[in-house]
Amino acid sequence: GEDVEQSLFLSVREGDSSVINCTYTDSSSTYLYWYKQEPGAGLQLLTYIFSNMDMKQDQRLTVLLNKKDKHLSLRIADTQTGDSAIYFCAANRDDKIIFGKGTRLHILP
Amino acid sequence: KAGVTQTPRYLIKTRGQQVTLSCSPISGHRSVSWYQQTPGQGLQFLFEYFSETQRNKGNFPGRFSGRQFSNSRSEMNVSTLELGDSALYLCASSMGQSNEKLFFGSGTQLSVL
């Protein structure tokens, strides 16, 4: 399987919470990242978490890490139209950063 | 501080040609990484340069090469272009320490006809 896997699409109503899930394979990954890509742009780092943490909160963003299951999630509270983008989960492996294929978040009015 | 700058923004080439893409990292950053982004494969790591030396390499054929200059600017070259090389090529810079945050440019969209 892929090193970093995430679902490809998510639709959420404006004002609801969005939860984007990701799994990774390398248990030695020490850093896990969430990046956001808007149309026509490069990737922007949203947040990251060390593997010795299980939660990190930053304003509307909450990252949860289950190291035992190698599962990472990103929760966006009060989703807005400006949150519409592709969200990439990434993990470090062998001094490289490996990305998932991205989850396209679609906001419903 | 200026961000990561990639030129050109768009490029159209034909099969068999070669192409050179340029990346200027954030001032003070010594590491430049290159990624290929396609709808089917997502982001694939090409290589990373640090202090003018290739430090890491992904699983791409030898047609893909790169270099880094003393001012940390980097170029990547693709020779004998194939249709499947059509992609968004992203450059990312960092200070160069392991497991660091990457800062991405807007990419070069390459179309091979």
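Numbered from 1 within each chain, the chains take letters A, B, ... in sequence-line order. Everything numeric in this text was worked out from a predicted model, so none of it was measured. Side chains are part of it too, since the values below use all heavy atoms of this structure and drop only hydrogens, waters and symmetry mates.
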Q: Report yes if the side chains of A:Phe99 and B:Tyr35 come closer than 4.5 Å at any heavy-atom pair, otherwise no.
A: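 With C-beta onward as the side chain, the pair touches.
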
Q) Is there side-chain contact between B:Phe45 and A:Arg93, with heavy atoms separated by less than 4.5 Å? A)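 No, too far: nothing below the 4.5 Å cut-off.
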
Would a single hydrophobic cluster contain both [Y] and [X], if residues Ile, Leu, Val, Met, Phe, Trp and Tyr are joined by side-chain heavy-atom contacts under 4.5 Å?
| X | Y | result |
| --- | --- | --- |
| A:Tyr48 | A:Ile86 | yes |
| B:Leu110 | B:Val4 | no |
| B:Phe47 | B:Met95 | no |

Review item, side-chain donor-acceptor pairs of residues 6-15 of chain A, under 3.5 Å, at least two apart:
unit_1  : atom_1 : unit_2   : atom_2 : d
A:Gln6  : OE1    : A:Cys89  : N      : 3.0
A:Gln6  : OE1    : A:Gly102 : N      : 3.2
A:Gln6  : NE2    : A:Tyr87  : O      : 2.9
A:Gln6  : NE2    : A:Thr103 : OG1    : 2.9
A:Arg13 : NH1    : A:Pro109 : O      : 3.1

**Q.** Proximal component of A:Gln44, with respect to chain B [non-hydrogen, under 4.5 Å]
**A.**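 The answer is neither part of A:Gln44.
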
Does [X] have more than 12 heavy atoms from other residues, nucleotides or ligands lying within 6.0 Å of its [atom1]?
| X | atom1 | value |
| --- | --- | --- |
| A:Arg104 | CZ | no |
| A:Asn52 | CG | yes |
| B:Arg15 | CZ | no |

Q.
Quick check on B:Gln37 against chain A: is it the side chain, the backbone, both or neither that has a heavy atom closer than 4.5 Å?
A.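 When you check distances to chain A, only side chain atoms of B:Gln37 fall under 4.5 Å.
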
Q: Sort B:Leu102 into side chain, backbone, both or neither according to what part of it lies under 4.5 angstrom from a heavy atom of chain A.
A: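 Both the backbone and the side chain of B:Leu102 come within 4.5 Å of chain A.
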
Atom [atom1] in [X], atom [atom2] in [Y]: separation rounded to 0.5 Å?
| X | Y | atom1 | atom2 | answer |
| --- | --- | --- | --- | --- |
| A:Ile97 | B:Lys101 | CD1 | NZ | 11.0 Å |
| A:Leu43 | B:Leu43 | CG | CG | 5.5 Å |
| A:Lys96 | B:Leu46 | NZ | CG | 11.5 Å |

**Q.** Test side-chain contact (heavy atoms from CB on, under 4.5 Å) applied to A:Gln37 and B:Leu88, step by step
**A.** CA-CA 13 Å; A:Gln37 186 179 34; B:Leu88 180 66; 4.0 Å; yes

